[in-house]
Every structure is written in C-alpha cells, then in structure tokens.
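Quantities reported herein were computed from a predicted structural model and do not represent experimental measurements. Chain identifiers are assigned alphabetically (A, B, ...) following the order of the sequence lines, protein sequences preceding nucleic acid strands; residue numbering begins at 1 within each chain.
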2 protein chains.
Amino acid sequence: MDKRATIKDVAEAAGVGIATVSRVLSGGSASPQTRERVLAVAAQLDYRPSAVGRNLRQRRTGGLGLLVPDLTDTFFGQLAEGALAYARSAGEPVVLGSTGDDPEQESEMIGMLLEQSVDRVVAVPSGDAETWQPALRAGMTVVFADRLPVEGADPAGEGPDRDLMLLDGLPPARPSRPLDVPAVLADDRSGIRTAVRYLRGLGHRRIAYLGGPGHDRRAEAFREAVGAPADEELIVFATGSRDSAYAAASGLFQSRPDLSAVVAGGNVLGEAAVLAARELDLRVPRDVSLVMYDDVPWAELCSPPLTVIAQPGRDIGYRAAELVLRTGARRPRTVVLPTELIIRGSCGPYPGRPGAGVRA
Amino acid sequence: MDKRATIKDVAEAAGVGIATVSRVLSGGSASPQTRERVLAVAAQLDYRPSAVGRNLRQRRTGGLGLLVPDLTDTFFGQLAEGALAYARSAGEPVVLGSTGDDPEQESEMIGMLLEQSVDRVVAVPSGDAETWQPALRAGMTVVFADRLPVEGADPAGEGPDRDLMLLDGLPPARPSRPLDVPAVLADDRSGIRTAVRYLRGLGHRRIAYLGGPGHDRRAEAFREAVGAPADEELIVFATGSRDSAYAAASGLFQSRPDLSAVVAGGNVLGEAAVLAARELDLRVPRDVSLVMYDDVPWAELCSPPLTVIAQPGRDIGYRAAELVLRTGARRPRTVVLPTELIIRGSCGPYPGRPGAGVRA
DNA sequence: CTTATCCATGGAAACGATTCCATCATGCTT
DNA sequence: AAGCATGATGGAATCGTTTCCATGGATAAG
C-alpha cells in the first residue's frame, strides 16, 4: 500500500507482458480485448507510469526549468504564472529556481537543472554570456525572458567593437557577442520613448532614470529618448534589492533637486521612488512626476495612482515557455511584445522654477 | 559534445570500474591515488552524475513539490521564496505548481508530482481532505502552509459532530476530520483578535470581515473576536480572483453603509477594499477604517499607508520546506508563527453618526 | 610461516520504463 | 493447399546510477 504499482504489477495482474502494457498505455497497437483488460487493471491498481523510468530510458527529462530573480517582485510573479500556464497546458512539470539576481546562484541553478536532465529552460538571466555558456554547451534549449544577459567583459577581444558602438550613441541592435538564444522581451525602446515624450510634452526637461540590474537596454533607450548627450548624473542604477533601490532613489532626489521627473525602470524601483519622495517631502506629481515600468495591481492604489509603462508579464512568460517547449517549427530569434503607456495621476506639468511653480 | 559524459565514460577514462567511480563520488572508500585520478578525470570530462539514474535506482526522487494558488499574489511569492531558500540550502530541486485556487487543478498537480516521484510536498491547499487523500495514500510527505484544506462535506457521517461544534460558537481546536498532516500557519486567531480589539478601541462597532478562500479559521476568529452572535451580513467572502474580491468589497460597502471598519483577510482583498472604497467615494480612514491581513511592500505606498496584520510569509515557506525536507527527528504536528499588528494610517476613530463625525 | 582481517576493487543486479526483434497465429492470395 | 503478409505479443536490451557480493592482495596477529 505504501509503494506504487509498477508496470510489471499491471502486466502480471492482467496476464500479459510488460511490453504490451507499455504499448497499450502509450497508444501502440493491441487487440481491443487486451487493451480493455490492461486499462481496467491499470485503473484498478491506480497505476501511474513512473516519469523517472521513462526519462531514463528516453535519455531526457521532459519538463521546463524556470529561473527568475525574485518571486517577491510582482512582475516576475506574473511572468512565472504565464510560463506555468503554458507548461500546464503542455502537461510538463516545471522546476523553479530563484536566483536573487546573483550570477553565482544562477550558475548553481543551471548546474542543478543539468543534473536533473532538464534540458529546456526559460530564464530571466542575471549572469553574463559566460554564465550561460555551460548550459548551451550541454545542449540545453534556452529562451531568455524579459531581458538578455548583461554584456560583461568580452571574453575574446571584442573591446574595440563595443567601444565603437557606445561612441555611436545608439544602442546596437544586437549585443556585441550575442548568444545564439531566442528571447521574449518587451519593447523597451518604444515604452521608454513614449514615456519620455509624454513627460517632455508636460514641459519636463530634467528627467531622471532609475534603473535596475540587467536592463541596459532600457537605460540605452532612455539615453536615446532624451537625445543629445544625456546628463549621466540623472541616470542611476540599483541592484535588485529593495534597500538598494531605495538608496538609489533617495540619493538621486537629494543630489539633484533640480530634476522634475523620474522614470523608474521597474516596479521595485517605482516603489522606492514613491517612498523616497515621500520621505523627502516631495509631492507627486506637484514636485516630481513619476512614470514606472510595470503595471502592477497596486499602481492604482497609490495616490495619486501611478502612470505606468505596462508590459505584458504574463504573456512574456507564456510565450517564452511556448517557444522553448514547442519543438519543431522554425523558432523566431526574438519576440518583442508591445508596451503601453497607461496614464493615471502621477505626472503633472513642469512646475517651473522653484517657487514659481503651479503651487497655488 | 552534445551528450553528457556518463559514469561509464569516467570509469573507462580513469581505468577503473564504475563501482569505484560511484564510490569516490559519493564518499565511499577508495585509495587516495585512485580517488585523485577519478576526481581529475571527472572534472576534466565535466562529469555530472545524472539525477535521473540515481533516482531510479534509489526509488525516490529527491526534490520538493511546491503548490501555491497564485504567484501573482505577493504573499504567495514571499512564501515561495522562503521554501526555495530552504530547498536551495538543502540542495534539492523544486517542482512548482500554481493551482489557481482550483481543487481540480490541484488534483492534477498532485498527480503530476506522483508521476515525477516527487514525494515531499509543501502546499497551500485549495481542495478539501478528499483531494489530498490520494497523495497521502501514495505515501507522500505533505506539509500544509498558510492554511488547511477546507472542511467540505464530511466523507463519512461526521455531520452531527460538525453541527454541534458550529452551534458551540467557538471554532474547534482541530477540524472535524483532520488529515494527519503537519502544517505551518500564522496565528490567525491572535492576529484577527488584535486587529478587532484595536478597532473597537477606536470606537468602531460595526466591523466587517472580507474573507478569501480557504481561510475559514480567520472568519471563525473574527466571529469569536467580535463576540456575541456576529452580524453575518458583515461577513462576506470572495473567491481567489481580483474581480471577485472587488465585487465582494463593493457589494459590502453598498449593502451596509452603516459599517465603519473593515478587516480584509488577505492582501488581494485589501487591495479590493481600497479600490472599492475609492470608487464609492469613501475616504480612508475618515469614512471607513481598514485593516489588511498581510504586510506587503505596497501597503506603505497607499495613502494613507495601510495598517496591517503582518504574517511572516517567507518564514512560513521556509519552515514548511524545512519540516518536509528534514527527515528524522520528531516532526511537530503544527507550527504556528506569530502575527503582528502594524499600525499605520488606515484606521481612525469612529466617526459617529453620519454628519456628526470627526469631520472638522 | 600460516591464518585471519581488512580494504580496495570490479562485476553484476536492480530500479521502471520504452522499444527492437523474434515468434506465433491468423487470414489472404495464388 | 501452401506460402506470404499482417498484426498481436512477449522476451530482452537499454538508459545511468547505486549497492551487494566476491575476489585478491596486503598487512597484522598468532
């Protein structure tokens, strides 16, 4: 009663060979009466084929690996739900890892997936290309979601190339040494540009960008959107943690009291910005306007409700899982999903020079 | 290059038997020089033992199953992070399932875990005892987190017993037919009681409770805390979805304009309450006071910041994983973790009769 | 010097499934 | 009627690991 029935038990109870049982269960040929008997016995014994046995024989584990930085971040929660939804519809189990935005942990998780023979992975990468090399070399099918691996020190003298591109001012369409990995991303460029234009239209000129890890593309898009040589002091970065985000936001507000608008590159950053602003007695949007990346449920709860750049977190996860699980068919290199600027109440007109603003 | 090295490859390359390789790698006895050679070869071939092979042989898959209703709910995100953290420290992979608060999906996920031979599970249950019977019968080690299975129709004529207990007014210390499953829970009773006392201290008398699925214990605790026969109209429930939560909150406010305070039994409910209140032009806390279960980061972002009953989501997940993964040692039946009332700004004094309130 | 002990070692079985292949019976064609 | 094709069926190999057991050599004890 404690142990599960095996195929052998079923075979004996039905008076047939194990090969026949296997065939019946996986849709092979068998006579109707045999099939019926086997099915009946299997049901009666509550038999379930062992995925472990099957995986060993077929030399591959079905299933999907899912690596995200932090499930506490609502956006990644949405992304995970999307991936889970597709996996469920495909009947595949999901092995989850949370990396804490730490390349080392990510590396460990990759190792574990390798050991588990999970050879298809959806990841929000924290490490660089080198971190992912082992996975690829081992033949894993990987799809990145939400972002691409950071471009760290180039492994093999690609320096000049990269410098050149930076000098060009525009972000390169493809990273200097792209991994050959498909990705599902939000249209950061368009999202950021729309937000910046919106803010400029309200009269804002000193617009800051508050960035998180792994989203160089957003920062680049911001630089591009503000045009001219950007004021680099207005572009600050935090690591993944809430503390770091708060410190960055607070530091930004204090060091540059002349800024009048902030674009937060993620919901944790946005949260930090709201908190830091309140702490410093900056009113939103009277003193500072705020646009946040990610539309999360609580954005509406803030007062004023936050104007956001919505990206379809759930869809990103869903599409990524679909990409990695659906074998065959030519796989597109990269899928870019649209973003949408949702205007609520956290942006106001430029208040003008201090003291001469709209304050009645 | 496409396929991984097996133990046989290592054995051949090192000129030893596979048994020796296995022994070296799993810490058995071997001569120093053999050990060294094997280790060197293994490293050179980048050999990783296949978990599938091992699991088959040992007739059990290591690893932890994790079943939560919805990763989009920050509380479950925290809980999952906790469980993941412990699993990581134990070196165990985690198989994740999101049930959407649907017993049927939960049942399917249990079946999948069974197939995968994942025999240790942490679950936030959505189904009733019957849903979990198959898992238990199959010998799974299960630990419930955050809540217990709802007590549905009793399978075997326990009706009278249950009725009796309901008539008694107090919730039973143990459910009528408890599964023999340990659990890690927050101290709902104390949390709710503290919140209700706090509200009463502010003068509130008509206090409503907005409950989610699976938390009968909280509702019971609420009934107990308000004492006397509770006004059942002031106790409403929603299913897990945001829409349902909003509908419930909105309906509550509209049908009972005389209420002056609400206890929301979860962060999704709290969110709905804030939204519904705003929509109906009820100001918090002037018109209605609000206490929410769960301390989530955005509680501080609301204005006014939300007074909450904080429960340690991360710890709940961590402890549950520890309980299920740490073999041996007498396992406690149930762990109850403390809650804490965090007073922020969403509760005010009772405004008195309409028009005679504290409005200056 | 002989015998008992101990340890390193490798062969082989086992885990639970899939799948190739041989076997056998049946029905059809010529 | 004989041969051939077809289809159902079971035996056995296989996947990669762990673990039991036998073997053999070396060392210690008598």
Requested in this report: Write down the distance between CZ (A:R57) and C1' (D:dA13), rounded to a whole number of angstrom.
Outcome: 8 Å
Report summary line: A:E12 CD to D:dG11 P, in whole Å, measures 11 Å
Query raised in the report: Checking all strands, does B:G17 fall into the base, sugar-phosphate, or nothing category for heavy-atom contacts under 4.0 angstrom?
Result: sugar-phosphate
**Report entry** For atom CZ of B:R54 and atom C1' of D:dC15, their distance in whole Å
**Finding:** 15 Å
**Report entry** Short N-O contact, B:E108 and A:R88, less than 4.0 angstrom
**Finding:** no
Query raised in the report: Any luck finding a side-chain donor-acceptor pair between B:D102 and B:T99 under 3.5 Å?
Result: no
**Report entry** Nearest-Å distance for atom pair CD1/C1', residues A:I7 and C:dA14
**Finding:** 16 Å
**Report entry** Touch class at under 4.0 angstrom, heavy-atom based, for A:R60 against every strand present
**Finding:** nothing
Report task. Applying side-chain contact (heavy atoms from CB on, under 4.5 Å), run through A:I110 and A:W132 and close with a yes or a no. Result -> CA-CA 8 Å; A:I110 292 173; A:W132 284 94; 3.7 Å; yes
Report summary line: Separation of D:dT9 atom P from A:L25 atom CG, nearest Å, is 14 Å
Query raised in the report: Less than 3.5 Å between a donor and an acceptor, one on the side chain of A:R23 and one on the base of D:dG10, is that the case here?
Result: yes
Report task. Please work out if B:V52 contacts a base, only the sugar-phosphate, or nothing of the nucleic acid, heavy-atom cut-off 4.0 Å. Result -> nothing
Report summary line: Note: for A:R59 and A:Q33 on DNA chain D, the residue whose nearest nucleotide lies more 5' is A:Q33
Report summary line: From CG of B:N55 across to P of D:dC15 the rounded distance in Å is 18 Å
Report task. With heavy atoms under 4.0 Å as the rule, sort A:S31 into base, sugar-phosphate or nothing. Result -> sugar-phosphate
Requested in this report: Say whether B:E81 and A:S98, considering side chains only, have a donor N or O and an acceptor N or O under 3.5 Å apart.
Outcome: yes
Query raised in the report: Around atom CZ of A:R319, are there more than 12 heavy atoms of other residues, nucleotides or ligands at under 6.0 Å?
Result: no
Report task. For the side chain of A:A19, starting at C-beta, report the closest nucleotide among C:dG11, D:dG10, C:dC15. Result -> D:dG10
**Report entry** Phosphate OP1/OP2 of C:dA8 contacted by B:S29 side-chain N/O (<4.0 Å)
**Finding:** yes
Query raised in the report: Taking atom P of D:dT18 as reference, at what distance in whole Å does atom NZ of B:K8 sit?
Result: 16 Å
Query raised in the report: Using a cut-off of 4.0 Å on non-hydrogen atoms, how would the nucleic acid contact of A:T34 be classed: base, sugar-phosphate, or nothing?
Result: sugar-phosphate
Report task. Determine the contact category for A:A30: base if any of its heavy atoms lies under 4.0 Å from a base atom, sugar-phosphate if only primed atoms, P, OP1 or OP2 are that close, otherwise nothing. Result -> sugar-phosphate
**Report entry** Which nucleotide in C:dG16, C:dG10, D:dG11 has an atom nearest any side-chain atom of A:S50
**Finding:** C:dG16
Requested in this report: Round to the nearest Å and state the distance from A:R4 atom CZ to C:dC15 atom P.
Outcome: 15 Å
Query raised in the report: Touch check for B:S22, heavy atoms < 4.0 angstrom, all strands: base, sugar-phosphate only, or nothing?
Result: base
